[in-house]
Amino acid sequence: MTRVLTEAELEEKFQARIDAEEKIEPKDWMPDKYRKNVLRQMSQHAHSEVIGMQPEGNWITRAPTLHRKCILLAKVQDEGGHGLYLYSAAETLGTSREEMNDALHDGRAKYASIFNYPTVTWADMGAIGWLVDGAAIVNQVSLQRTSYGPYSRGMVRICKEESFHQRQGYHIMMVLMRGSDEQKNMAQDALNRFWWPSMMMFGPHDTESAHTAQSMKWKIKRQTNDELRQKFVDQSVKQAEVIGLKIPDPDLKWNEERGHYDFGEIDWEEFKQVVNGNGLCNRQRMAHHIKAQEEGKWVRDAITAYEEKKRQRADQAAA
Amino acid sequence: MTDNNAKEIIKQYAIRLGDDALVQGHRLSEWCRNGPFLEEDLALTNVALDFIGRARMFYSYAADIDGGDYSEDSYAYQRDCRDFTNLLIHELPGGDFAFTMARQYLMDEYSLMFMERLCDSSDETLAAVAAKSVKESRYHLRRSRDWMLRLGDGTQESHKRLQKALGDLWGYMPEVFELDDLEQGLADQGIAVDSAALKGGWEKAVRATFSEATIDVPADDWSVRGGRQGMHTEYLGHMLSDLQFVQRAYPGQEW
Ligand SMILES: [Fe+2]
Ligand SMILES: [Fe+2]
Ligand SMILES: [Fe+2]
């Protein structure tokens, strides 16, 4: 007869599986903290995809050409699709989409703070695709190797679409930079506004990050915030240069020794302010999400009632 | 009639169909991020994309005929209210979900019949656009008809909302089945669809759905028309100020 393993032994076996690069699947034993940590990260990611539909959705009706309108619509739709995959991946850990939404609405769950910044000109569609999706890709490519199976597989699917988004965003910027002075200014202004918030997307420095050490040990995260941020800077500098945009950081310069760009310090006070509700759009984003959910309630109720009637009719016919 | 003249008339017809598709697609696109649940949000966006795609094909055809600097965007972005020739029903604001789906259903039923006929047009380009559209419209109709049943036979509230929406839309339907001289002329040549001839089949299909959805057929006691002649409700101008903002604010640029 096999002896029941103690919690400590289970954890040891679990860590051994992680160390051997095995994926953890929904039915496997996992430490409670691991479950909570993965769930927190997936729900935050899912909410970010869905809340992220708002700033870009803001320009769907105003896209300057029919082609751009189709690309933007399809892009925002993709983000909603990413939200759907991620909610279902998170649901494998036993929390429903509804519960995750409730947590979002009462502030227990978070979404990426970048979406609290407003989209005020068409160029912002370029800056978001290029930088925000660009930063997301850096993060998500790394997460393809995350230890939780459903999350890892979700990332593989999502990354393909994200790289389209990034190219499309960059293309918007490129066309603007080939255009009139007004268009060039519009593009540069969008970069000026979105650069630092994009840098903040990777989160606090490793030394300040509450979750990093344990997440790395469990391989929920595969690279630290600072490593990912560096990768993002290195790839973006050249892209900006090629089309004549200037990254708004006076301290940015190539460091031969490190083989990376050095860059200036993030304004962590701004980061804290925006996370804590003082961004231009925090309230708008939440109000919008709640309003759509409330206005859709009678529709969802209608489906439930209709399905119930159908079932009753089928039962009667069978009786 | 000279060849040029004939082409000019076909172009105007293509623009009408493009306007219908664009205005309808634009209204649907307003739902993106506002749907009653995420799956429906994505599905509505798909339909919006189909219509905007359809508009681009009709407009591109018009641009081919106009030649020169004309492109699909010229028609969408450079014309004012009085130049738009869409059917009025498309320009009405989306309203609640019942209103949007009711309009969608009434027009999907029509569009499928219309596009099936347009496939037989002697104009090859129109026939090719129609062939692609038929497949989309089949899917659109399956969806919107389903919604009629769910909303009509769902809760009291959904029933009431749907019945009200259909009442508010009903008077815009007669225009859909009327042909002016331009369309009649093209229909006689086998180029345009004789939409008047679709009315009987449409009514039959709609009545069948209404009865299954426990919905009453609205009274035929009012009707509004004018879209094909460039007479519009006040809603279209606001839609255009949204749609055209960037191109109007920064004229003559590439985007
Ligand atoms: Fe995404
Ligand atoms: Fe993402
Ligand atoms: Fe994306």
Side-chain angles (χ1 to χ4, degrees), chain A residues 46 49-70 72-74 76-81 83-84 87 97 101 121-122 172 175-176 178-180 182-183 186 288-289 291-310, chain B residues 22 25-46 48-49 52-53 55-56 59-60 71-73 75-77 96-98 101 146-147 149-159 161-162 239 241-247 249-250 252-255:
Chain A
E49 302 283 358
V50 173
I51 296 294
M53 295 169 80
Q54 291 183 38
E56 290 181 286
N58 184 38
W59 280 87
I60 287 171
T61 58
R62 292 180 290 171
T65 71
L66 294 178
H67 186 211
R68 290 280 182 218
K69 188 189 288 294
C70 288
L72 184 61
L73 251 181
V76 177
Q77 185 192 35
D78 283 348
E79 305 302 1
L84 268 186
Y87 284 129
R97 205 203 298 181
N101 268 325
T121 72
W122 168 250
I172 289 176
V175 171
L176 290 173
R178 287 199 301 238
S180 67
E182 277 179 320
Q183 285 176 303
M186 194 191 278
H288 184 124
H289 197 264
K291 180 166 174 266
Q293 175 150 324
E294 281 172 357
E295 283 178 354
K297 185 174 185 301
W298 70 267
V299 180
R300 300 190 299 274
D301 289 346
I303 299 177
T304 313
Y306 176 71
E307 295 300 330
E308 180 56 32
K309 285 185 197 173
K310 234 167 82 174
Chain B
L22 175 65
H26 187 96
R27 285 300 185 207
L28 284 168
S29 78
E30 293 170 343
W31 277 96
C32 184
R33 83 202 177 279
N34 296 307
F37 49 95
L38 201 43
E39 289 84 347
E40 181 58 25
D41 205 301
L42 307 187
L44 275 173
T45 303
N46 259 337
L49 278 165
I52 296 170
R56 295 178 66 192
Y59 286 156
S60 294
S71 75
E72 56 183 35
D73 291 330
Y75 310 102
Y77 293 90
D96 66 2
F97 186 74
M101 288 323 298
D146 255 7
W147 273 117
L149 305 185
R150 288 154 141 188
L151 298 183
D153 198 15
T155 60
Q156 261 183 0
E157 179 174 12
S158 68
H159 179 91
R161 283 177 186 260
L162 181 61
M239 198 196 102
S241 64
D242 219 17
L243 173 77
Q244 300 177 339
F245 161 69
V246 177
Q247 289 227 13
Y250 305 92
Q253 305 303 327
E254 297 281 318
W255 299 94

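Keep in mind that the numbers below use all heavy atoms, side chains included, and drop hydrogens, waters and symmetry copies. Residue numbering restarts at 1 for every chain, and letters A, B, ... go by the order of the sequence lines. Remember, it's a predicted structure, so these values are computed and weren't measured experimentally.
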When [options] are compared by non-hydrogen pairs under 4.5 Å with chain A, the top option:
options                               : value
B:Asn34, B:Val246, B:Leu42            : B:Leu42
B:Tyr77, B:Phe245, B:Tyr250, B:Trp147 : B:Tyr77
B:Leu49, B:Ile52, B:Leu151            : B:Leu49
B:Glu157, B:Arg161, B:His159          : B:Arg161

Lys/Arg N to Asp/Glu carboxylate O, [X] vs [Y], below 4.0 Å:
X        : Y        : value
A:Lys297 : A:Glu294 : no
B:Arg150 : B:Asp146 : no
B:Glu39  : A:Arg97  : yes

Can you find a pair of side-chain heavy atoms, one from [X] and one from [Y], that are under 4.5 Å apart?
X        : Y        : value
A:Val299 : B:Asp96  : no
B:Ser158 : A:Asp301 : no
B:Tyr75  : B:Leu22  : no
B:Met239 : B:His26  : yes
A:Lys310 : B:Leu149 : no

Interface residue of largest heavy-atom contact number with chain B, from [options], under 4.5 Å:
options                             : result
A:Leu84, A:Ile172, A:Leu176         : A:Leu84
A:His289, A:His67, A:Glu56          : A:His67
A:Gly296, A:Gly83, A:Gly57, A:Pro64 : A:Pro64
A:Thr304, A:Thr61, A:Val175         : A:Thr61

Answer with side chain, backbone, both or neither: which region of [X] has an atom nearer than 4.5 Å to a non-hydrogen atom of chain B?
X        : answer
A:Leu66  : both
A:Ile60  : side chain
A:Lys69  : side chain
A:Gln293 : neither
A:Arg62  : both
A:Glu295 : neither

Can you label the angle between the A:Trp59 ring and the A:Trp122 ring as parallel, tilted or perpendicular, going by 30° and 60°?
-> perpendicular
Side chain, backbone, both or neither: which part of [X] has a non-hydrogen atom closer than 4.5 Å to chain A?
X        : result
B:Phe97  : both
B:Asp242 : both
B:Ala55  : neither

Minimum-distance pair of heavy atoms, taken over all atoms of B:Glu30 and B:Arg33 = O-NH1, 4.4 Å
Step by step, would you call A:Gln183 with B:Gln253 a side-chain contact (heavy atoms from CB on, under 4.5 Å)?
-> CA-CA 9 Å; A:Gln183 285 176 303; B:Gln253 305 303 327; 3.2 Å; yes
